[in-house]
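Notes follow once the structure below has been shown.
Both backbone and side-chain heavy atoms feed into the values below; hydrogens, waters and symmetry mates do not. Letters go in sequence order (proteins before strands), and every chain restarts at 1.
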Amino acid sequence: MAKLQPVRGTRDIWGDEARRMEHVIRAFIGVAQRFCYSKISTPVFEFAEVFKRSLGEASDVVSKEMYTFTDRGGEEITLRPEYTAGIARAYISEGMQQFGVSKLYGYGPMFRYERPQKGRYRQFHQLDVEVIGAADAGADIEIIALGQQLLEDLGLAGKVELHLNSLGDMDSRKAYRAALVAYFSDHKDKLSDDSKIRLDKNPLRILDSKDRGDRALLGDAPKLSDHMNTASADFIGAVKAGLDALDIAYLQDDHLVRGLDYYCHTAFEFITTELGAQGTVIGGGRYDGLIEQLGGPPTPGVGWAAGIERLAMLLDETPPQVRPIAMVPLGNEAEARALAIAHDLRLRGLAVDTAFRGNIKKRLQRANRINARVAVILGDDELAKGVASLRDLDSGNQREVALDDLVEKLADELAPEN
RNA sequence: GCGGGCGUAGCUCAACUGGUUAGAGCGCCGGAUUGUGAUUCCGGAGGUUGGGGGUUCAAGUCCCCUCGCUCGCCCCA
């Protein structure tokens with residue numbers, strides 16, 4: 001640590017960036033509530049076992065990206081690298097199966113030990129929705145629709161494309177995997193080094209390789225659709241029909257895959273081209289095997305996670321803040337008076353800023369900087385007359401208003417626009 | 001974890017092939033205007049050129065290490 005700085009891949013979030021992220025979160029809460037999802041907060045750390053069991057020992061996240069440490073009690077603890085595993089654990093811990101279908105939303109920080117890039121941090125923030133206990137394609141359709149509405153509310157729908165694929169059920173997937181391994185094994189000499197490793201570990205991943213040589217092989221590679229059983233084909237068919245009915249456009253993307261074993265059927269990502277290699281802004285899918293793998297009853301689930309930073313970066317502009325009333329008292333008596341007036345105005349629901357120090361010039365400068373609509377100037381002259389000077393900061397017009405009427409008047413005049 | 005690029009004031013950037021006291025705009029602070037912002041004018045503060053080491057008479061500039069950012073790979077949100 002050469003000088004005082006945040007640790008690599010973390011940063012202080014304030015000013016415009018904080019406002020953008022807050023805007024994203026507010027929009028998300030609004031949409032989630034419209035869809036009648038319930039808030040769930042799970043701990044930012046869990047027993048390491050929770051993630052190892054749900055993500056798999058061999059996954060990249062577990063093998064090289066987790067922040068894991070031993071606490072004073074000797075427990076192996078991990079800062080959550082994603083939301084779903086913790087929610088699945090909570091579902092089991094809290095016995096949520098008694099409630100039937102659980103529709104949950106949450107948001108907060110995640111931690112992954114990765115090389116940082118734009119839109120990729122070691123501490124980052126995600127939005128998350130999950131539907132647990134519903135095997136019906138309707139759940140898949142609904143969460144995709146939820147994501148679409150979030151993007152529309154944020155004004156980002158035009159910058160993002162929905163990519164959609166099906167991984168099929170376990171049987172289909174197994175059959176396809178075998179076919180893929182057979183095909184790529186025949187061409188192993190032409191595969192990239194990365195893909196040679198994938199061939200053992202995670203052959204589906206070869207499909208979304210960015211290596212040119214790999215891509216050249218994809219044309220003749222077996223397609224999942226040829227290995228999908230009827231049930232699987234019907235399922236993705238139902239999802240697509242549902243999206244069509246809602247006018248949600250999507251791109252069939254045969255190369256969109258998921259590495260982890262418990263994923264099945266629907267896989268989707270909302271992708272933008274504006275963030276370089278970190279273009280996935282919302283990613284999700286169905287994970288019918290997860291809860292069982294964690295030790296719970298066989299329970300279907302589907303969900304997605306969104307990167308708050310990535311969404312915030314895509315916003316065209318920083319959302320405007322409420323324009324406040326600025327209190328500008330001069331002198332001790334006025335200061336006390338202003339405090340009481342500010343209190344009353346805030347009780348009426350108005351935004352009021354107080355500066356605590358500075359002469360009239362300083363305070364008006366501050367009022368201007370925070371984009372206040374009106375300044376309430378209160379000095380000896382005003383106090384003597386029992387009035388306040390109201391200065392309209394857009395027009396520069398100034399008038400006197402009796403202190404007795406002040407709160408009422410401001411509430412009347414400003415409330416609608418606040 | 002692998003490979004490339006970049007670190008100069010709070011921010012955006014300048015400083016010819018190494019050459020004297022590292023500059024500008026914006027922002028900030030003060031004044032013109034001791035009770036009036038946003039405009040205008042004047043003045044000011046602010047830098048161990050990310051950090052450490054080396055080469056040289058001389059390093060912001062060249063070399064090495066390190067920290068951070070950034071682009072790509074891996075992976076993902």
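- When the nucleotides B:C75, B:C67, B:U70 are ranked by their closest atom to the side chain of A:Glu114, B:C75 comes out on top.
- At the phosphate of B:C75, OP1 or OP2 sits under 4.0 Å from a side-chain N or O atom of A:Arg198.
- Checking B:G3, B:A32, B:C74 against every side-chain atom of A:Arg115, the shortest atom distance belongs to B:G3.
- Residue A:Glu382 places a side-chain atom within donor-acceptor reach of the base of B:G35, judged by atom type and a 3.5 Å distance cut-off alone.
- Within the nucleic acid shown, A:Tyr107 has no heavy atom closer than 4.0 Å to any nucleic acid atom.
- Using atom C1' as the reference point in both B:G50 and B:G60, the two lie 12 Å apart (nearest Å).
- For A:Met327 and B:G37, the CE to C1' distance is 16 Å, given to the nearest whole Å.
- Across all strands, A:Leu127 comes closer than 4.0 Å to no nucleic acid atom at all (heavy-atom distances).
- Of all nucleotides present, only B:C6 satisfies the Watson-Crick or G-U wobble test against B:G68, with each distance under 3.5 Å.
- Nucleic acid contact class of A:Gln126 (heavy atoms, under 4.0 Å, all strands): base.
- Atom CG in A:Asp394 sits roughly 11 Å away from atom C1' in B:G37 (whole-Å rounding).
- No side-chain heavy atom of A:Ser102 sits less than 4.5 Å from a side-chain heavy atom of A:Glu130.
- Each of A:Ile360 and A:Asp208 lies near RNA chain B, and the nucleotide nearest A:Ile360 is the one positioned closer to the 5' end.
- Comparing B:G31 with B:A38, their P atoms sit 13 Å apart, to the nearest whole Å.
- Only the P atoms considered, B:A9 is 10 Å distant from B:G47, to the nearest whole Å.
- Atom pair A:Asn359:CG and B:U34:C1' shows a separation of 9 Å (rounding to whole Å applied).
- Among the protein residues, A:Ala305 comes within range of the sugar-phosphate backbone only, with heavy atoms under 4.0 Å from sugar or phosphate atoms but none that close to a base.
- Shortest non-hydrogen contact noted between A:Val328 and A:Ala375 is CG2-CB, 4.0 Å.
- Within 4.0 Å of A:Asp211, counting heavy atoms only, lies no atom of the nucleic acid at all.
- Distance from the side chain of A:Thr280 is smallest to B:A77 among B:G37, B:A77, B:C74.
- Atom CD1 in A:Ile370 sits roughly 18 Å away from atom P in B:G27 (whole-Å rounding).
- Within the nucleic acid shown, A:Gly9 comes within 4.0 Å of sugar-phosphate atoms alone, with no base atom in reach, counting heavy atoms only.
- Nucleotides B:C57 and B:C13 are separated by 32 Å at their C1' atoms, to the nearest Å.
- Across all strands, A:Gly283 comes closer than 4.0 Å only to sugar-phosphate atoms, never to a base (heavy-atom distances).
- Look at the C1' atom in both B:U55 and B:G10: the space between them is 35 Å, to the nearest Å.
- Rounded to whole angstrom, the span from the NZ atom of A:Lys361 across to the C1' atom of B:G30 amounts to 9 Å.
- Nearest-nucleotide assignment on RNA chain B puts the 5′-proximal partner with A:Ala372, out of A:Pro6 and A:Ala372.
- What separates CG of A:Asp194 from C1' of B:C2 is a distance of 9 Å, to the nearest Å.
- Remark: the separation of the C1' atoms in B:A22 and B:C41 is 28 Å, to the nearest Å.
- Set against B:C73, B:A77, B:C76, the side chain of A:Arg205 has B:C76 as its closest nucleotide.
- Comparing the P positions of B:C62 and B:G7 gives a spacing of 9 Å, expressed to the nearest Å.
- Among the nucleotides B:C75, B:G30, B:C73, the one closest to any side-chain atom of A:Asp60 is B:C75.
- Atom P of nucleotide B:G27 and atom CD of A:Gln365 are separated by 12 Å, given to the nearest angstrom.
- Test A:Asp253, A:Ile144, A:Leu251, A:Ile271 against A:Leu162 for side-chain contact (heavy atoms from CB on, under 4.5 Å) and you get one pass: A:Ile144.
- With a cut-off of 3.5 Å on both Watson-Crick or G-U wobble distances, the partner of B:G1 is given as B:C73.
- The aromatic rings of A:Tyr107 and A:Tyr105 sit parallel to each other, their planes meeting at less than 30°, with 60° as the upper class boundary.
- Contact annotation for A:Asp380: base contact, defined as any heavy-atom pair under 4.0 Å involving a base atom.
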Q: Go through the steps for A:Glu269 and A:Arg310 under the test salt bridge (charged side-chain N to carboxylate O under 4.0 Å, His left out), then give the verdict.
A: CA-CA 13 Å; A:Glu269 293 182 9; A:Arg310 291 183 185 178; over 6 Å; no
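- Taking side-chain N and O atoms only, A:Arg120 has no distance below 4.0 Å to OP1 or OP2 of B:C71.
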Q | Step-by-step side chain to side chain donor-acceptor pair (under 3.5 Å) determination, A:Gln252 to A:Asn165 | A | CA-CA 6 Å; A:Gln252 166 60 39; A:Asn165 195 20; 3.0 Å; yes
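- Here the C1' atom of nucleotide B:C75 and the CG atom of A:Asp193 are 17 Å apart, to the nearest Å.
- On a pure distance criterion of 3.5 Å, no polar donor-acceptor pair joins the side chain of A:Arg363 and the base of B:G37.
- In this entry B:U61 has no Watson-Crick or G-U wobble partner, no candidate having both defining distances under 3.5 Å.
- Distance from the side chain of A:Arg8 is smallest to B:G68 among B:U36, B:G68, B:U70.
- In this structure, A:Gln398 reaches the bases: a heavy-atom distance under 4.0 Å links it to at least one base atom across the strands shown.
- Pair assignment for B:U36: none, as no Watson-Crick or G-U wobble contacts are both less than 3.5 Å.
- Judged by a 6.0 Å distance limit and a 45° cone about the ring axis, A:Arg120 is not positioned over the six-membered ring of A:Phe124.
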Q) Can you check side-chain contact (heavy atoms from CB on, under 4.5 Å) on A:Phe111 and A:Phe45, steps first, answer last? A) CA-CA 10 Å; A:Phe111 305 85; A:Phe45 49 81; over 6 Å; no
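- Considering only side-chain N and O atoms, A:Arg366 lies nowhere under 4.0 angstrom from the phosphate OP1 or OP2 of B:G37.
- Searching all strands for a Watson-Crick or G-U wobble partner of B:G18 with both distances below 3.5 Å returns nothing.
- Distance noted for atom C1' between B:G46 and B:G5: 30 Å (whole Å).
- In this model, the phosphate group of B:C73 is approached by a side-chain N or O of A:Lys210 to a distance below 4.0 Å at OP1 or OP2.
- As judged by a 4.0 angstrom heavy-atom cut-off over every strand, A:Gln117 is placed among the base-contacting residues.
- If you check every strand for non-hydrogen atoms under 4.0 Å, A:Lys118 touches sugar and phosphate atoms only.
- Ring geometry for A:Tyr176 versus A:His227: interplanar angle of 30 to 60°, hence tilted.
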